[in-house]
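Both counts, for ligands and for their atoms, begin at 1 and track the order of listing.
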Amino acid sequence: MDRRPWNYDLSPLSHGLSSRPTLNDMSTSVNDPALRSWIPVPKNSDFPIQNIPFGIAAWNGEPPVPATRIGDTVVDLSILADMGLLDGLGIDREAFQAPQLNDLMAFGKPAMRALRQRLSELLREGNTTFRDDNVLREDALLPMDQVTMHLPVRIGDYTDFYSSREHATNVGTMFRDPANALLPNWLHLPVGYHGRASSIVVSGTPFHRPMGQTRPDPNAPPVFGPSKLLDIELEMGFITFDGKPLGQRISTAEAEDHIFGLVLFNDWSARDIQTWEYVPLGPFLAKNFASHASAWVVTLDALEPFRTSGPPQDPEPLPYLRTNGDRAFDIALDVAIKPAKGEATTVARSNFKHLYWSMAQQLAHHTVNGCNVRNGDLMASGTISGPAPDSYGSMLEITWRGTKPVTLANGEERKFIADGDTVIIGGHCEKNGLRIGFGTVEGTVLPVVPYE
Ligand code: MN
């Protein structure tokens with residue numbers, strides 16, 4: 001299956017593709033549960049034609065390029081663009097050859113919406129343009145298990161929020177005072193901190209257990225060594241389009257116009273390093289050794305049918321944080337640990353809708369002081385814990401600081417994450433027979449790199 005240079009012209013109009021529809025038309029028709037693709041979609045797949053996620057895929061040693069996915073088939077957008085099938089959307093062809101999605105996202109939300117619409121048309125049952133072109137089909141369609149996925153976006157700035165009331169309450173109960181578990185600011189603003197973008201890696205990238213300074217005995221000097229309390233944080237992150245220039249604010253009403261889509265996110269945390277280092281400036285080396293993002297960005301448009309109300313907010317937020325309508329999304333999340341030897345065991349099931357502060361509120365708060373947001377910024381939710389112990393989003397909470405170990409299917413116990421463990425987080429929405437998902441974000445812990 002060699003790539004071949006395409007030298008004949010296929011104008012979109014000659015294939016009956018629509019001109020650019022209005023925004024409202026697009027989100028409705030692309031999300032229609034009745035749509036089917038001519039590409040097979042396995043039962044319970046996260047990637048029916050109503051999803052049309054975006055990612056960066058490489059095949060057979062070729063440079064990574066933008067792609068989408070139907071079922072277990074990856075669609076190479078660089079080939080479709082070369083053929084002219086993605087013309088007329090207001091996106092330069094060169095952007096489809098870039099090794100990250102930022103070049104496409106630079107054309108803005110209406111263009112990305114039009115691109116998703118065009119792909120839906122090309123891939124749906126009854127459209128023969130792509131389906132009946134044997135050469136194009138063979139060239140642009142790749143089996144998922146034969147491609148290498150790359151980080152979808154060149155992440156500029158990474159912000160991590162702390163927006164789950166249940167998580168903040170659990171942590172406050174464990175480490176401070178059960179009667180005053182939430183700090184005084186928590187119900188008034190979405191607490192967050194600036195993280196590090198360089199160590200965010202794509203699902204499947206192994207990483208080494210971090211070394212660091214800890215103080216296991218509060219009455220003795222600190223020690224240096226491998227983190228013994230390596231933890232996960234079940235999170236999701238949203239990826240931004242360009243925001244506004246420095247000095248301007250994005251309102252809650254405008255916020256979703258600046259959000260491209262979401263990924264699953266595992267924000268690995270070394271609890272023992274964190275406990276010792278975080279005062280007074282907050283997380284540092286306990287957080288920046290690795291975070292995993294899922295490979296496929298699911299657009300906010302694809303998630304539209306799963307919009308729902310979030311938790312009631314009391315006290316009422318200040319005016320700049322108030323929102324109208326439903327701002328939460330019903331996304332079921334699960335966490336499994338697969339030990340070096342043995343099957344994976346699910347240790348938690350949560351839901352994105354539990355978050356107290358919505359993405360719109362997070363983005364409005366982030367920019368209320370004039371902070372600018374750029375194409376490719378990643379804003380993570382913070383650990384997403386639900387109300388029940390089996391819905392907690394970190395081992396810290398699941399095992400309640402190690403006092404209630406979990407037993408894996410192979411009989412081993414876990415208080416935190418062991419070398420050789422692979423942590424697998426899944427996320428999907430389901431409603432009226434339609435399932436849209438993210439696949440998984442996975443990461444395997446390797447032993448420490450020996451200190452020399
Ligand atoms: Mn986090």
Side-chain angles (χ1 to χ4, degrees), residues 151 155 157-172 174-175 182-183 185-186 189-203 205 207 209-210 212 227 229-240 262-279 281-294 331 333-335 347-348 350-352 354-359 361-363 365-366 377-386 391-399 401 416-417 423-425 427 438 441-443 445:
L151 197 63
I155 299 165
D157 282 300
Y158 161 46
T159 299
D160 195 19
F161 286 96
Y162 190 60
S163 288
S164 159
R165 181 175 191 162
E166 290 79 3
H167 174 69
T169 302
N170 287 338
V171 172
M174 269 184 262
F175 290 96
L182 288 181
L183 288 167
N185 60 1
W186 202 92
L189 56 84
V191 170
Y193 72 96
H194 285 303
R196 186 165 183 86
S198 67
S199 52
I200 298 174
V201 293
V202 73
S203 176
T205 310
F207 71 102
R209 175 179 298 272
S227 167
L229 306 182
L230 179 61
D231 200 356
I232 57 159
E233 289 190 338
L234 165 61
E235 304 196 20
M236 298 196 72
F238 68 84
I239 293 165
T240 61
L262 279 79
V263 290
L264 300 171
F265 197 70
N266 185 353
D267 189 30
W268 292 93
S269 298
R271 300 298 181 197
D272 42 357
I273 297 172
Q274 183 177 356
T275 304
W276 173 232
E277 75 170 1
Y278 87 106
V279 182
L281 288 185
F284 187 34
L285 303 181
K287 300 279 185 175
N288 67 5
F289 54 91
S291 299
H292 278 93
S294 55
I331 306 171
L333 302 165
D334 56 86
V335 183
V347 296
S350 187
N351 196 302
F352 187 70
H354 294 316
L355 290 172
Y356 187 85
W357 295 103
S358 66
M359 293 182 283
Q361 290 174 317
Q362 290 169 343
L363 195 52
H365 183 65
H366 202 310
D377 286 355
L378 177 74
M379 314 249 170
S381 57
T383 306
I384 308 169
S385 293
S391 65
Y392 294 165
S394 65
M395 293 299 280
L396 179 71
E397 297 162 87
I398 293 168
T399 71
R401 286 179 100 172
F416 288 88
I417 304 299
V423 173
I424 305 165
I425 295 175
F438 294 77
V441 61
E442 307 188 11
V445 183

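An angle of 80° is found at the Mn ion (ligand 1) between Asp267 atom OD2 and Asp160 atom OD2, rounded to 10°.
Taking the Mn ion (ligand 1) as reference, the nearest N/O/S atom within Glu235 carries the name OE2. For Glu233, the N, O or S atom closest to the Mn ion (ligand 1) goes by the atom name OE1.
A perpendicular orientation is assigned to the rings of His167 and Tyr162, their planes being inclined by more than 60° (bins at 30° and 60°). In this structure, Trp268 and Phe207 have tilted ring planes: the angle between them lies in the 30° to 60° band.
Annotation: cation-pi geometry not satisfied between Arg401 and Phe416 (NZ/CZ under 6.0 angstrom from ring centroid, within 45° of ring axis).
Around OH of Tyr193, the count of heavy atoms belonging to other residues, nucleotides or ligands within 6.0 Å exceeds 12.
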